[in-house]
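What follows is a set of notes on a single structure, which appears directly below.
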Amino acid sequence: MAYDFSEIESKWQKYWLDNRTFAALDPHDAGGMPKAYVLDMFPYPSGQGLHVGHPEGYTATDIVSRYLRMKGVNVLHPMGWDAFGLPAEQYAIKNNVHPRQTTRENIDNFRRQIQSLGLSYDWDREVDTTDPKYYRWTQWIFLQLFNSYFDPINQKAMPIEHLRRELMNQNYVVTPDNEVVINPTTEGMEQLGGEVRVERLWGELSPSEQQQLIDAQRLAYMDEVPVNWCEGLGTVLSNEEVVDGKSEVGGFPVERRPMRQWMLRITAYADRLIKDLELLQWPESLKEMQRNWIGRSEGAEVDFELAGEAASAKPAADEPDEPGDETPVITVFTTRPDTLYGATYMVLAPEHPLVEQITTAQQKQAVDDYRQAVATRSERDRLTVTKEKSGVATGAYAVNPINNEKIPVYIADYVLMGYGTGAIMAVPAHDQRDFDFARKFSLPIKPVVQPVVSAIAPIAGDQNPAQNNSTQTPEKAFEGEGVAIGSPLINGQPTQQAKQTIIKALQADGTGQRSVRYKLRDWLFSRQRYWGEPFPILLDEEGNAHALEESELPLTLPEMDDFKPTGTPEPPLSKAASWTRVQRNGQVFTRETNTMPQWAGSCWYYLRYIDPANDQRFVDKEKERYWMPVDLYVGGVEHAVLHLLYARFWHKVLFDLGHVSSAEPFARLINQGLILGETEFHFFEHEGGKPISVNEITDIHEEATKRGVRLCGTHKPTGEKVYATSVIDALVEKKGQDYVLRSDPSIKVDARAFKMSKSRGNVVNPDQIVEEYGADAFRLYEMYMGPLEAQKPWNTRDIVGMARFLSSVHRNITGDEESNRVVEIVDEPVAEGLERLMHRTIKKVGQDIEALHFNTGIAELIKLNNEMTGLTRMPRELAENFVLMLAPFAPHLAEELWGVLGHNKSLARRPWPTFDPDRMVEASVEVPVQINGKLRDRITIAVDADEAAVFAAAESSPKIKPWIEGKQVKKRLYVPGRLVNMVVQ
RNA sequence: GCCUCCGUGGCGGAAUGGCAGACGCUGCGGACUUAAAAUCCGCUGACUCGAAAGGGUCGUGCCGGUUCGAAUCCGGCCGGAGGCACCA
C-alpha cells in the first residue's frame with residue numbers, strides 16, 4: 001500500500017484530539033515525574049493566517065515536547081491567542097462587522113492551520129485574551145499594579161497601604177519635587193541648627209495633596225506627559241512601538257503631544273531587569289538588546305548656580321520674590337564628573353523650563369525664534385543625526401561649582417529634554433558633540449584628560465591619541481579614559497578614581513551627588529481604541545482614579561455599533577454614553593474610556609495556561625509553583641524589547657506581591673531565525689539602461705514605488721540613485737565569490753533572499769505545502785533547512801528530499817506493491833554492522849534533540865534509513881526503534897507505522913529507545929596517518945592497539961615509507977582511535 | 001558612529017583544535033520499463049598527472065600569528081545581517 005499522507009495525517013490528528021493524548025498532568029497526578037514547560041510565543045491570529053515562519057518555532061518545541069514525553073517527563077505544551085489588537089479592529093471598521101466576529105474567524109483559521117501540522121498542544125488549555133474570563137484577570141493584575149508602589153527601602157513592589165502607613169508614621173517624608181524619601185531625621189541625620197527643613201510630613205499635606213501624592217506613587221499612575229500620538233492609527237503608542245519617528249505597525253508618522261495617560265512604572269524595575277538577565281539562559285545578543293534599551297548610565301548630578309546678573313534678569317512680570325526663593329540652579333547629569341574642570345559652557349534643551357526665566361532681554365528674540373523653529377521641526381527631523389550643530393546663547397552665565405568659573409549658557413537641540421535633566425555641562429575637549437558645537441560657536445576647548453601613553457613604542461601607522469598633547473588644536477574630542485590634568489583637585493588621578501573624588505567633593509559641599517539614569521521610560525499604557533481590555537477604573541469629577549472592586553470584574557466592553565476612532569484623542573468608548581456614566585453612593589463617576597495596549601494580555605498568558613479554567617484566582621498557587629518557570633521558550637527576536645521586557649516587568653511585580661514563586665518567567669529562550677523568501681537576483685542599471693556592477697553600488701535598500709517594492713541604491717562614482725531589475729537565475733552564473741550576468745560577466749549582480757512580504761509576493765503558504773507534500777514532510781523540511789537560530793532562505797524544491805525520505809521509510813517497513821517488494825517484520829537479531837549504526841543513531845538523535853540541533857538529528861535518521869533500504873526481513877527491534885525515533889519529527893507517519901508493527905495504542909508515551917555503548921564500538925578502526933599535518937594514508941588498527949603498535953603499523957605502510965625514509969622523525973602523535981601524525985624533517 | 005552575530009561546493013548546510021564538504025537538493029551515468037513517472041545503484045569542490053588502476057597540488061571572505069596539526073583559537077582588514085543611535 002502506498003504512503004497516503006493526507007489520509008494518515010487527518011486520521012491521527014483526530015485520534016490525538018479525541019483521546020486528549022497530549023494533556024498535561026496536574027501536579028498531584030504526576031507523581032514523581034519531572035516536569036517541563038515548553039512554550040511558543042503567543043501568536044496574534046491575523047487575517048492572513050499562518051506564515052511559514054510560525055511553524056518553524058512551533059515544530060522545534062513540538063519535537064522537544066514529544067521527545068520529553070517519551071522520556072517520561074510531564075510536559076506542558078499549550079497554545080492560545082493574543083487576539084486583541086489593531087488589525088482586527090481596522091478590518092472590522094472597514095467591513096462593518098464586529099471585531100469579535102473577525103477575531104473568532106481568524107482564531108478558527110489559525111487553529112485549523114496549526115492542527116493540520118500535527119503539533120502536540122494540550123488543547124484543553126487554549127486561552128484567548130479577548131475572552132472576558134481571561135481579561136477579567138488581566139484587569140485584576142492591573143489593579144495589583146494600581147494598588148501598589150515601588151518601595152525605596154525594600155526595592156520592591158508593596159501594597160499602597162504600606163506607603164500610607166509609612167507616611168503617617170513619619171518614616172517617609174515628601175520632598176519639594178513630591179518624591180517620597182526616607183525621613184532624614186530617622187536616618188540619624190538630624191538637621192543642622194537653623195537650616196530649614198525642606199521635606200514635608202504627611203500631616204502637613206491637605207487631603208487632596210495626600211490623594212495626589214499617593215496616586216502619583218502607584219505602579220499604574222496617570223500623568224500628563226508628551227506622548228507619541230499617531231494620527232494614522234488614531235492612538236498613542238509606547239516608545240517601544242515607535243521606530244524612526246514612525247509607528248512600528250503601518251509606518252504612520254508619529255508626533256509628540258502632551259496628554260494625560262496611564263503609565264506603568266517600569267523604570268522602578270530598571271536595575272532588576274538588567275541584573276536578573278544574569279539568571280537567564282538567553283542569547284547574549286538578546287540580553288544585550290535589553291541592556292541597551294534600558295540604557296543604564298552611572299554618573300553624577302551637578303548643580304550650577306546662575307551667575308549674579310542672569311539670576312536677577314528675570315522679566316519684571318514675574319511674581320515678586322518669595323522669602324527663601326533661591327538663585328535658580330541648573331542641574332546637569334554627567335557620566336564624566338572627572339571632566340568638570342573642562343566644562344566651558346552649558347546647554348539646556350530648548351524646552352527646558354528654566355529657559356524662559358534665565359534668558360536676558362537682548363537674547364530673548366533669538367531664543368524665542370530658535371525654540372519656535374525647533375518646535376515646528378518634525379520628530380523625524382530631530383531624530384536624524386545632523387553633523388551641523390545649531391543653538392543660541394541665552395545670555396545667561398552659570399558658575400561651575402568646582403572652580404567658580406563663569407560659563408555661558410546656550411540652548412541647542414542636541415540636548416534632549418527627555419534624557420537626564422535636560423541640561424548638560426559641555427566639555428568640548430572630551431565629548432565629540434560638544435566639540436562640534438564649540439567649534440561652530442568659537443567656544444574654548446580645554447583638555448582635562450591626558451591619554452595614557454603606552455609603554456610600548458607606537459607602531460607605525462597606529463594613531464596614538466597621546467600625540468594630541470601638542471599646541472595645535474586637535475581635530476577630535478578625546479573621549480577615552482586617562483589621567484586628569486588641569487584639574488587642581490584631581491590632577492594625576494586616573495579617570496575612575498577622579499570621578500569618585502569629584503563626586504565626594506560635590507557631595508561634601510552640597511552641589512552634587514552620585515546619580516544613575518536610564519534611557520528606559522515608563523510604559524505608556526493607554527490606547528484610544530475599542531478592541532482592548534477596558535480599565536477597571538472610575539474617575540471622579542476631579543479626575544481622580546478609583547479602582548473597581550475585584551468582585552466587579554470582568555468589566556466587559558460595551559456593545560457598540562460605532563467603534564470607529566473619533567479622529568481626536570477622545571477614545572471610541574467615550575461614545576458609549578450609558579456605559580461611561582456610573583452613579584455610586586450618590587456620586588457621579590465616569591469610566592476610563594481608554595483601553596489597554598495589545599501587550600497587556602501577553603504579559604501573563606504563560607501563567608494562565610497553567611490553570612486556564614480557574615475562576616477563583618488568575619492561577620492556582622500550587623500549580624504555579626510546580627510548572628514555573630518556563631523551561632524552554634521559542635520565538636522571534638522582534639519581541640526583544642516589547643513583550644519580553646513588559647512580561648518580565650509584570651512578572652516581577654507579581655513576584656514582589658507574593659502571587660508567583662519565581663523572579664523570572666522564562667528560564668531558557670531561543671530565537672528562531674527568520675525564514676526568508678527564495679533567493680532572487682537583481683542587476684542595477686543607469687537611467688538610460690546601462691548596467692552597473694553591484695560593487696559600484698552602495699546603500700542598497702528596498703523602496704516602495706508606483707511599480708511596487710523595488711531594490712535601489714546609490715551609484716558610488718556619480719552619486720546617482722539607481723534601481724535594480726530582477727533577473728531569473730538561468731541568466732546568472734557564479735564567478736569566484738560573485739554572481740555575474742551570463743551575457744556580460746563583467747556585471748556583478750546582487751543575490752539575496754528577502755523577507756517574505758505580501759507586497760513582494762514571495763510569501764509561502766503553509767496550507768499549500770501541507771496539501772502537496774504532507775505535514776510530516778513540511779515539518780522535516782522546516783527543521784532540516786539549517787540551525788534553528790539561523791536566518792535561512794526558503795527553497796520549495798528542497799522539500800522533495802524529505803518527502804522521498806518519508807516514503808522510503810514507509811516502504812522499508814510496509815514493503816512496496818509497485819516494485820513487488822515484500823518486507824517481513826521478523827523477530828531476529830539485527831545484523832552486526834546495522835546494529836552498531838542503530839545504537840549510534842539512538843545516541844546521536846537524542847543528543848541532537850536535546851541540543852535543538854534538529855537538522856543533524858534528521859540527517860542521522862536518513863542515514864540509518866538508507867542502510868535499511870533493501871532489507872526484506874526487517875528485524876522488529878530495528879523497525880520499532882526507528883519508528884520511535886522518527887516520532888518527534890514526523891509524528892503522523894510514526895504513529896501509522898507503529899500500528900503496522902502491531903501496536904494498537906499511540907506511541908506518544910512509549911519509552912525513547914536506549915543505546916548500549918558496548919554495541920557501538922567496532923573491533924578495528926580506520927585512522928588517518930598524517931605527515932606534518934597532511935593526510936598521507938589510512939591504516940586499519942585494532943581499536944585497543946597501543947601506541948607503539950600503531951606507529952609500527954603506520955611506519956610500515958607502503959604509502960608512508962617514502963615520506964619518512966632518510967628523514968628524521970622528530971615527533972610522533974597518536975590520538976587514540978582518531979589519528980596518527982608524524983613530524984619529519 | 002557604537003554594540004551583537006555571521007562569512008565553507010551550483011544551492012541549503014555538516015564538521016567547534018585532529019580525515020573539510022556528513023545529510024538533503026540540483027546535475028550526470030546506469031538498472032527496471034514498450035515508454036514515462038516512481039523506485040533502486042553509482043558519480044558529483046577546483047585544478048592537474050595517468051590508457052587505467054591510482055596519484056599530486058590547491059581549497060572554508062582576505063592578510064598575518066599561535067600549534068605537530070586551524071573552517072574552528074588570536075590580531076588586523078573586507079563583506080553581509082540585526083540592534084541602538086546627538087542618551088550627556
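Remember, predicted model here, so these are calculated numbers, not experimental data. Order of the sequence lines fixes the chain letters, A, B, ..., with proteins taken first and strands second; residue numbering starts at 1 for each chain.
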- Query: Between B:G69 and A:N932, is there an OP1 or OP2 to side-chain N/O distance shorter than 4.0 Å?
  - Reply: no
- How is A:R752 classified with respect to the nucleic acid when contacts are heavy atoms under 4.0 Å: base, sugar-phosphate, or nothing? sugar-phosphate
- Paired to B:C62 by Watson-Crick or G-U wobble criteria (both distances under 3.5 Å) is B:G76
- Query: Which is true for A:Q791 with a 4.0 Å heavy-atom rule: it touches a base, it touches only sugar-phosphate, or it touches nothing?
  - Reply: sugar-phosphate
- Note on the structure: By nearest-heavy-atom nucleotide on RNA chain B, the more 5' of A:V975 and A:V800 is A:V975
- Partner of B:G29 by Watson-Crick or G-U wobble geometry, both contacts under 3.5 Å, or none? B:C41
- Query: Are A:P401 and A:V302 close enough that some pair of their side-chain heavy atoms sits under 4.5 Å apart?
  - Reply: yes
- Task: Please indicate whether A:K440 has more than 12 foreign heavy atoms, meaning atoms of other residues, nucleotides or ligands, lying under 6.0 Å from its NZ.
- Result: yes
- Message: Hydrogens and angles aside, do A:Y370 and A:S390 bring a side-chain donor and acceptor to less than 3.5 Å of each other?
- Response: yes
- Message: Let's test this: given Watson-Crick or G-U wobble pairing with both distances under 3.5 Å, identify the partner of B:A46.
- Response: B:U57
- Query: Looking across every strand, which nucleic acid part, if any, lies under 4.0 Å from A:P283 by heavy atom: base, sugar-phosphate, or nothing?
  - Reply: nothing
- Query: Syn or anti for B:G9, taking syn as within 90° of 0?
  - Reply: syn
- Message: Counting the benzene-type ring for Trp, do A:F5 and A:H810 have ring centres under 6.0 Å apart?
- Response: no
- Message: Restricting to side chain to side chain donor-acceptor pair (under 3.5 Å), what partner residues turn up for A:T714, sequence neighbours left out?
- Response: none
- Message: OP1 or OP2 of B:A88 versus the side-chain N and O atoms of A:Y419: is any pair under 4.0 Å?
- Response: yes
- Please determine if a side-chain N or O atom of A:R804 lies less than 4.0 Å away from the OP1 or OP2 oxygen of B:C25. yes
- Item | base_contact_polar (B:C84 base, A:N292 side chain, donor-acceptor, <3.5 Å) | no
- Message: Using a heavy-atom cut-off of 4.0 Å across all strands, would you classify A:R978 as base, sugar-phosphate, or nothing?
- Response: sugar-phosphate
- Message: Does the Lys NZ or Arg CZ of A:K389 fall within the cation-pi geometry relative to A:F437 - under 6.0 Å from the ring centre and within 45° of the axis?
- Response: no
- Task: Just name whichever nucleotide pairs with B:G24, Watson-Crick or G-U, keeping both distances under 3.5 Å, else none.
- Result: B:C11
- Item | Working for salt bridge (charged side-chain N to carboxylate O under 4.0 Å, His left out), residues A:R840 and A:E860 | CA-CA 9 Å; A:R840 285 179 181 176; A:E860 296 304 313; over 6 Å; no
Pairwise N/O distances under 3.5 Å, protein to nucleotides 53-60 of chain B:
{"from": "B:G55", "atom 1": "OP1", "to": "A:K959", "atom 2": "NZ", "distance (Å)": "2.4"}
{"from": "B:U57", "atom 1": "OP2", "to": "A:R936", "atom 2": "NH1", "distance (Å)": "3.2"}

- Do nucleotides 4-11 of chain B as a string where each nucleotide becomes B, S or -: B if the base has a protein heavy atom under 4.0 Å, S if just the sugar-phosphate does, - if no protein is that close. S-----SS
- Name the closest nucleotide to the A:P787 side chain, picking from B:G13, B:C41, B:U26. B:G13
- Item | A:Y781 ring center near A:W794 ring center (under 6.0 Å) | yes
- Item | Side-chain touch A:F805/A:L886, heavy atoms, less than 4.5 angstrom | yes
- With a 6.0 Å cut-off on ring centres, are A:F681 and A:Y739 close enough? yes
- Task: Could you tell me whether the phosphate oxygens of B:C40, OP1 or OP2, come under 4.0 Å of any side-chain nitrogen or oxygen in A:R811?
- Result: yes
- Task: Could you say whether A:V927 or A:A859 is positioned toward the 5' end of RNA chain B, judged by the nucleotide with the nearest heavy atom to each?
- Result: A:V927
- Task: Please measure how far the C1' atom in B:C62 lies from the corresponding atom in B:G12, and state the result in whole Å.
- Result: 25 Å
- Message: For a quick check, tell me whether the side chain of A:Y518 and the base of B:C87 share a donor-acceptor pair closer than 3.5 Å.
- Response: no
- Message: Work out how far the C1' atom of B:A15 is from that of B:C86, and round it to whole angstrom.
- Response: 46 Å
- Find the partner of B:U16: check Watson-Crick (N1-N3 plus N6-O4 or O6-N4) and G-U wobble (N1-O2, O6-N3) distances, both under 3.5 Å, and reply none if neither fits. none
- Task: Examine the base of B:C84 for any acceptor or donor lying under 3.5 Å from a partner atom in the side chain of A:K519, and report the outcome as yes or no.
- Result: no
